[in-house]
Amino acid sequence: FVDLISVNLFDSLAGVEKKLDFIHSLWPDRAVFIGQWGDETAGGTQRDPALTRDYIRGFVALVRQRPYVVGVSFWAFADYRSRWPGAGTDADGYRHLGALTRERKVRPTYAVLREEFSPAVIREFAAETSDSPEAPLKAAVRVQSRGDFPSYELRDYEVRWHVLDAAGTSLFHDSKSIDLLRPGEERAIEFQCPAAVRLGATAMRVEVVRPTGFITTDS
């Protein structure tokens, strides 16, 4: 009698795939939301980061193949204190399952979560080279709004370009806004900086930024 099937899934990737297909076979006309999921099978995010990163990528890949899954909520954002006495609660009273520690220090899995859940993807980022030292430094960026998952309209996003020296210090930066980018659509953006800047430049970075200021993806 519900419009939305909500389920928690803590299992191997093969187990998750089997359970999702079984749920869909029972309610083929219903959307599914995964309220909790995470790599408890590998002992949590702080046990083996490499295994957890592979698990996250594999899990999201399964979701992208199943359009009836409308959303997922990773468990957990940060370590949390728990009175649960079972497995997973350490002697300090915390469950160390977070992408961040209780002090909000970033674990390696945070980066892969940010990448996989970014609604924007940088499809191309390249600099235009020139033999002339008097030529301005140019860069071309191609940004796409995901068409699979997560997928929604991008409004008022911003693309930022940084030109860096050998120490990582920004020599020049510029930004351009994206008014609207619908799922699956792409936008080509070009940047340019004065020739004088290129003399000390050794690297570049491009960022896609939400209206809130959060960097959703970079390259």
For R146 and P150, which heavy atoms make the closest approach, and how far apart are they? CB-O, 3.3 Å
Any chain of hydrophobic side-chain contacts (each under 4.5 Å) joining V69 to W27? yes
Evaluation steps, side-chain contact (heavy atoms from CB on, under 4.5 Å), between R57 and V112: CA-CA 8 Å; R57 294 190 192 280; V112 72; 3.3 Å; yes
Rounded distance [0.5 Å steps], CD in Q144 versus CD in E124: 12.5 Å
Whichever hydrophobic residues join F33 through chains of side-chain contacts under 4.5 Å: L4, V70
Any side-chain donor-acceptor pair under 3.5 Å between Y55 and W37? no
Axial cation check for Y94 ring with R102, 6.0 Å and 45° limits: yes
Could you go through F125 and I189, starting from their C-alpha distance and side-chain angles, then the distance that decides it, and tell me whether this counts as side-chain contact (heavy atoms from CB on, under 4.5 Å)? CA-CA 10 Å; F125 177 39; I189 300 172; over 6 Å; no
Would you mind checking if E103 and K105 are paired as a salt bridge, meaning a charged N to carboxylate O distance below 4.0 Å? no
Less than 4.5 Å apart, any side-chain heavy atom of M204 and any of L137? yes
Got a sec, which pairs hit salt bridge (charged side-chain N to carboxylate O under 4.0 Å, His left out) with one end in residues 164-179, sequence neighbours left out? none
Ring pair (Phe, Tyr, Trp, His ring centres under 6.0 Å): which pairs involve residues 178-212, sequence neighbours left out? W161-F191
According to salt bridge (charged side-chain N to carboxylate O under 4.0 Å, His left out), does anything in residues 61-70 pair up with another residue at least two apart or in another chain? List the pairs. E17-R66, D21-R66, R64-E116, R64-D148
Quick one: ring pair (Phe, Tyr, Trp, His ring centres under 6.0 Å) pairs with a partner in residues 99-120, sequence neighbours left out? none
Under the ring pair (Phe, Tyr, Trp, His ring centres under 6.0 Å) rule, what pairs show up with a residue in residues 128-149, not counting sequence neighbours? none
Any chain of hydrophobic side-chain contacts (each under 4.5 Å) joining V197 to V141? yes
Mind checking ring pair (Phe, Tyr, Trp, His ring centres under 6.0 Å) for Y157 and listing every partner two or more places apart, or none if nothing turns up? none
Begin from the C-alpha positions of I34 and N8 and carry the test side-chain contact (heavy atoms from CB on, under 4.5 Å) through to its verdict. CA-CA 6 Å; I34 302 173; N8 298 345; over 6 Å; no
Flag the pair R114 and D218 as a salt bridge only when some basic side-chain nitrogen lies within less than 4.0 angstrom of an acidic carboxylate oxygen. yes
Answer yes if the side chains of T216 and S118 hold a donor-acceptor pair under 3.5 Å, and no otherwise. yes
So which atom in V143 and which in A120 form the shortest heavy-atom distance, rounded to 0.1 Å? CG1-CB, 4.3 Å
Name all residues meeting the ring pair (Phe, Tyr, Trp, His ring centres under 6.0 Å) criterion together with H24; count only those two or more places apart in sequence or in a different chain, and write none if there are none. Y68
Could you grab the distance from atom CG of D90 to atom CG of D79, nearest 0.5 Å is fine? 8.5 Å
Closest heavy-atom contact between D156 and P211? O-CG, 3.5 Å
Considering non-hydrogen atoms only, spot the tightest contact between F74 and L97 and give its length. CE2-O, 4.4 Å
For the atom pair NE2 (H162) and OG1 (T169), what is the distance rounded to the nearest 0.5 Å? 12.5 Å
Can you tell me how far NZ of K18 sits from CG of L9, rounded to the nearest 0.5 angstrom? 13.5 Å
Please lay out, stage by stage, how R182 and L180 fare under the test side-chain contact (heavy atoms from CB on, under 4.5 Å). CA-CA 6 Å; R182 294 183 175 85; L180 175 64; 3.4 Å; yes
R104 atom CZ: more than 12 heavy-atom contacts under 6.0 Å: yes
Which atom names give the shortest non-hydrogen contact between L100 and R107, and what distance separates them? O-NH1, 3.6 Å
Which ILVMFWY residues are connected to I215, directly or by a chain of links, through side-chain heavy atoms under 4.5 Å apart? V209
Hey, are R30 and D3 close enough for a salt bridge, meaning a charged N less than 4.0 Å from a carboxylate O? no
From S151 atom OG to L154 atom CG, the distance as rounded to the nearest 0.5 Å: 8.5 Å
Would you say I122 and Y152 are hydrophobically clustered, going by side-chain heavy atoms of ILVMFWY under 4.5 Å? yes
Rounded to the nearest 0.5 Å, the NE2 atom of H173 sits from the SG atom of C193 at a distance of 12.0 Å
Any pair counted as salt bridge (charged side-chain N to carboxylate O under 4.0 Å, His left out), so long as it reaches residues 184-195, sequence neighbours left out: R142-E186
In one Ile/Leu/Val/Met/Phe/Trp/Tyr side-chain cluster, 4.5 Å: V7, L62: yes
Taking ring pair (Phe, Tyr, Trp, His ring centres under 6.0 Å) as the cut-off, I'd like each qualifying pair that reaches into residues 195-219, sequence neighbours left out, listed once. none
Salt bridge (charged side-chain N to carboxylate O under 4.0 Å, His left out) partners of residues 199-215, not counting sequence neighbours, each pair once: R205-E207
Does T202 use its side chain to pair, donor to acceptor, with the backbone of A166 at less than 3.5 Å? yes
Would you kindly confirm whether V63 and V121 end up in one hydrophobic cluster when ILVMFWY residues are joined by side chain heavy atoms under 4.5 Å apart? no
Is there a side-chain contact between S145 and E153, using heavy atoms and a 4.5 Å cut-off? no
